[in-house]
Undergrad: 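The structure follows.
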Number of protein chains: 2
Amino acid sequence: MRKADRTRAAIQQAAFTLFAQRGLHGTTMRQIAKTAGVSLGNAYYYFPGKEALVFEFYELMHQQLLKASLDSVNANQTLATRLESFLIQYFMSIEAFHTLAREVLAGAIHPSSPMSPFSQASRDLRQRTIDLFHELGGTDIKSHPLQSRLPLLLWLMHLALTLYWIYDLSPEKAKTHQLVKLSCRLSGQLIKITRLPLMSSMIKQIRAMFLAHEKETL
Amino acid sequence: MRKADRTRAAIQQAAFTLFAQRGLHGTTMRQIAKTAGVSLGNAYYYFPGKEALVFEFYELMHQQLLKASLDSVNANQTLATRLESFLIQYFMSIEAFHTLAREVLAGAIHPSSPMSPFSQASRDLRQRTIDLFHELGGTDIKSHPLQSRLPLLLWLMHLALTLYWIYDLSPEKAKTHQLVKLSCRLSGQLIKITRLPLMSSMIKQIRAMFLAHEKETL
DNA sequence: AACCTATTTTGAACATGTTCAAAACATGAG
DNA sequence: CTCATGTTTTGAACATGTTCAAAATAGGTT
């Protein structure tokens, strides 16, 4: 039993190393098996396929990102600045993985991928991230008309910015960082302004959208 | 010279037929070649790879979508209803392709894909679609503080809805249709309300976001 | 120890996207 | 017509993800 664990770990480790060295596409299952000192078929005994390996890497990467980002958010500033410092840290952490993160995240967009932000497989990770935005919201969202839905909206914003990051070719991803800054300020204002009675009709509609989305589809 | 054209057309036709019959993944280059009555290598003489065939299919499909959708927008109602009838038609046209459209559009999200909505290869198609939203805007956007940027925003909304559609598993894609209806009304109201002086600070920030994005990156 | 069963490992085989050198073909010049 | 040159076509070969039946191994039972 211990042997099996060691074999599995060796394969996983080999995969992670090679992913970091040569990227996702650049790494073949044969390379992984050889590096792990194991036969090709054996890799498939422990992992259903290459994608499973990528998924585990994705989970690890994402957890690291969240942890690193969270560290930078203990000061009790405004919601906008909390958001901003979180996202800046988030994207800096991603940057550490260079092109690999781009490859992983790009693959994650595909609906059939278990890494898809909307997939069942990544549900835990997703929920934890959304919860994180809940904490980040602090007291600012407590009395807001959209209440419990705000974290999901903030999560969607973070998703949109990540999508922008994937495509961003500007040096140092300057555009993404600029956009992060502006988005955070804007969302801070939006959250304030949507409290006004003037906005109640729109709030009602946004709530209707959530209700439509949340409807069960058995 | 004529022969070459006919061969190319035969390969393309075979590909389109098979795509429709068995989907993208279900179709192999060997099947395409065999159906076209041509050798495997020959298909690669005319098309750089399978993706090129998919791209041509994507272009055709998208043009059909836009044409069909456009037909349904000649009545001079409000912006919201114009938007809605356009999008309803758009998604109904997509539905005609069943799972194939889902496969194509899902693949199109990938940054490395020439079909990516942000890629250079699909620039023409993208610009034409954005222009279409410009027309759709009609007089409602002429005097708006965001002016020429509104079509792009509407295009982004349509993109977001398409993304939602890809993941939507509700019967008849009911959720997407519900969301389309609500989104159109909401954006109509948003466009009205953003004219108020109260909103000028936020408009300024949105403009700043556009400027950051449009900055050249040589 | 001998044996049995379940787990682990292997290597060959397959399907498919892609490449390429050689063969077949077409076309215009002499 | 014959040849030379450029175009088109072919089929074999390759790389890689994946599957699978058989072999090897481990762990417990008698």
Side-chain angles (χ1 to χ4, degrees), chain A residues 1-58 100 103-104 106-108 110 112-115 121, chain B residues 1-58 100 103-104 106-108 110 112-115 121:
Chain A
M1 296 230 178
R2 202 31 145 312
K3 179 75 184 309
D5 288 349
R6 260 185 288 126
T7 307
R8 202 196 126 93
I11 293 168
Q12 203 206 43
Q13 189 51 54
F16 287 8
T17 307
L18 288 169
F19 285 162
Q21 269 170 16
R22 318 180 204 253
L24 255 43
H25 271 149
T27 303
T28 82
M29 287 302 280
R30 283 167 180 80
Q31 280 171 26
I32 293 173
K34 177 167 253 182
T35 305
V38 124
S39 81
L40 175 61
N42 203 207
Y44 281 92
Y45 179 74
Y46 288 99
F47 299 91
K50 189 179 177 179
E51 197 167 47
L53 259 339
V54 178
F55 182 66
E56 302 223 345
F57 181 80
Y58 168 77
L100 182 54
E103 235 180 331
V104 173
H110 205 282
S112 74
S113 164
M115 295 174 283
Chain B
M1 295 228 178
R2 202 29 143 314
K3 179 76 182 308
D5 288 349
R6 259 185 290 127
T7 307
R8 202 196 127 93
I11 294 168
Q12 202 206 44
Q13 189 51 52
F16 287 9
T17 306
L18 289 170
F19 285 162
Q21 269 171 14
R22 318 180 202 251
L24 256 42
H25 272 147
T27 303
T28 81
M29 287 300 282
R30 283 168 180 79
Q31 279 171 25
I32 293 173
K34 179 168 252 180
T35 304
V38 123
S39 81
L40 174 61
N42 203 207
Y44 282 92
Y45 180 74
Y46 288 98
F47 298 91
K50 191 179 178 180
E51 195 166 49
L53 261 338
V54 179
F55 182 65
E56 301 221 348
F57 181 80
Y58 168 76
L100 182 54
E103 234 181 330
V104 173
H110 206 282
S112 74
S113 164
M115 296 173 284

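Below, chains carry the letters A, B, ... as their sequence lines are ordered, and counting in each starts from 1.
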Undergrad: Would you give the length of the straight line joining atom CD1 of A/Ile11 to atom CG of A/Asn42, rounded to the nearest 0.5 angstrom?
TA: 5.0 Å
Undergrad: With a cut-off of less than 4.0 Å, is there a side-chain N or O of B/Tyr45 near OP1 or OP2 of D/dT8?
TA: yes
Undergrad: Between C/dT7 atom C1' and A/Tyr44 atom OH, what is the distance in whole Å?
TA: 21 Å
Undergrad: To the nearest 0.5 angstrom, please state how far the CZ atom of A/Phe47 sits from the CG atom of A/Leu53.
TA: 5.0 Å
Undergrad: How long is the line joining CG of A/Asp5 and P of C/dT7, in whole Å?
TA: 14 Å
Undergrad: Whole Å only: how far is the CE atom of A/Met29 from the P atom of C/dA13?
TA: 20 Å
Undergrad: Check the distance between D/dT9's C1' and B/Tyr46's OH and give it to me in whole angstrom.
TA: 8 Å
Undergrad: Rounded off to whole Å, could you give me the CZ-to-P distance for the A/Arg6 and D/dA26 pair?
TA: 11 Å
Undergrad: Nearest whole angstrom, please: distance from the P of D/dG17 to the CZ of A/Phe55.
TA: 20 Å
Undergrad: Please compare B/Ala43 and A/Asn42 by the position of their nearest nucleotide in DNA chain D and report the one closer to 5'.
TA: B/Ala43
Undergrad: Is there a donor-acceptor pair under 3.5 Å between the side chain of A/Glu103 and the backbone N or O of A/His25?
TA: yes
Undergrad: C/dA13 P sits how many Å from A/Arg30 CZ, rounded?
TA: 13 Å
Undergrad: If you look at every strand shown and take non-hydrogen atoms under 4.0 Å, does A/Phe47 touch a base, only sugar-phosphate, or nothing?
TA: nothing
Undergrad: A side-chain contact here means heavy atoms from C-beta on lying under 4.5 Å apart; do A/Gln12 and A/Tyr46 qualify?
TA: no
Undergrad: Identify every side-chain donor-acceptor pair in residues 16-24 of chain A under 3.5 Å, counting partners at least two apart or on other chains, and give the distances.
TA:
residue: A/Thr17; atom: OG1; partner: A/Gln13; partner atom: O; Å: 2.9
residue: A/Thr17; atom: OG1; partner: A/Gln13; partner atom: NE2; Å: 3.3
residue: A/Arg22; atom: NE; partner: A/Gln31; partner atom: OE1; Å: 3.4

Undergrad: Is the phosphate of D/dT9 approached by B/Thr7 (side-chain N or O, under 4.0 Å from OP1 or OP2)?
TA: yes
Undergrad: Residues of residues 19-26 of chain A with any non-hydrogen atom less than 4.0 angstrom from an atom of DNA chain C: list those, numerically ordered, please.
TA: none
Undergrad: Take the protein atom NZ of B/Lys50 and the nucleotide atom C1' of C/dT16, then report the distance between them rounded to whole Å.
TA: 8 Å
Undergrad: Give, ordered by number, those residues of residues 10-18 of chain A having at least one heavy-atom distance below 4.0 Å to an atom of DNA chain C; if nothing qualifies, reply none.
TA: none
Undergrad: Please report the interatomic distance OH(B/Tyr45) to CG(B/Leu40), rounded to the nearest 0.5 Å.
TA: 16.0 Å
Undergrad: Using 0.5 Å steps for rounding, measure from the CZ atom of B/Phe55 to the OG atom of B/Ser113.
TA: 8.0 Å
Undergrad: Touch check for B/Gly41, heavy atoms < 4.0 angstrom, all strands: base, sugar-phosphate only, or nothing?
TA: base
Undergrad: With the side chain of A/Thr28 defined as its heavy atoms from C-beta on, choose the nearest nucleotide among D/dT9, D/dT16, C/dG17.
TA: D/dT16
Undergrad: To the nearest 0.5 angstrom, please state how far the NE2 atom of A/His110 sits from the CD atom of A/Glu51.
TA: 9.5 Å
Undergrad: On a heavy-atom basis, which atom in A/Met115 and which in A/Val104 lie closest, and how many Å separate them?
TA: SD-CG1, 4.2 Å
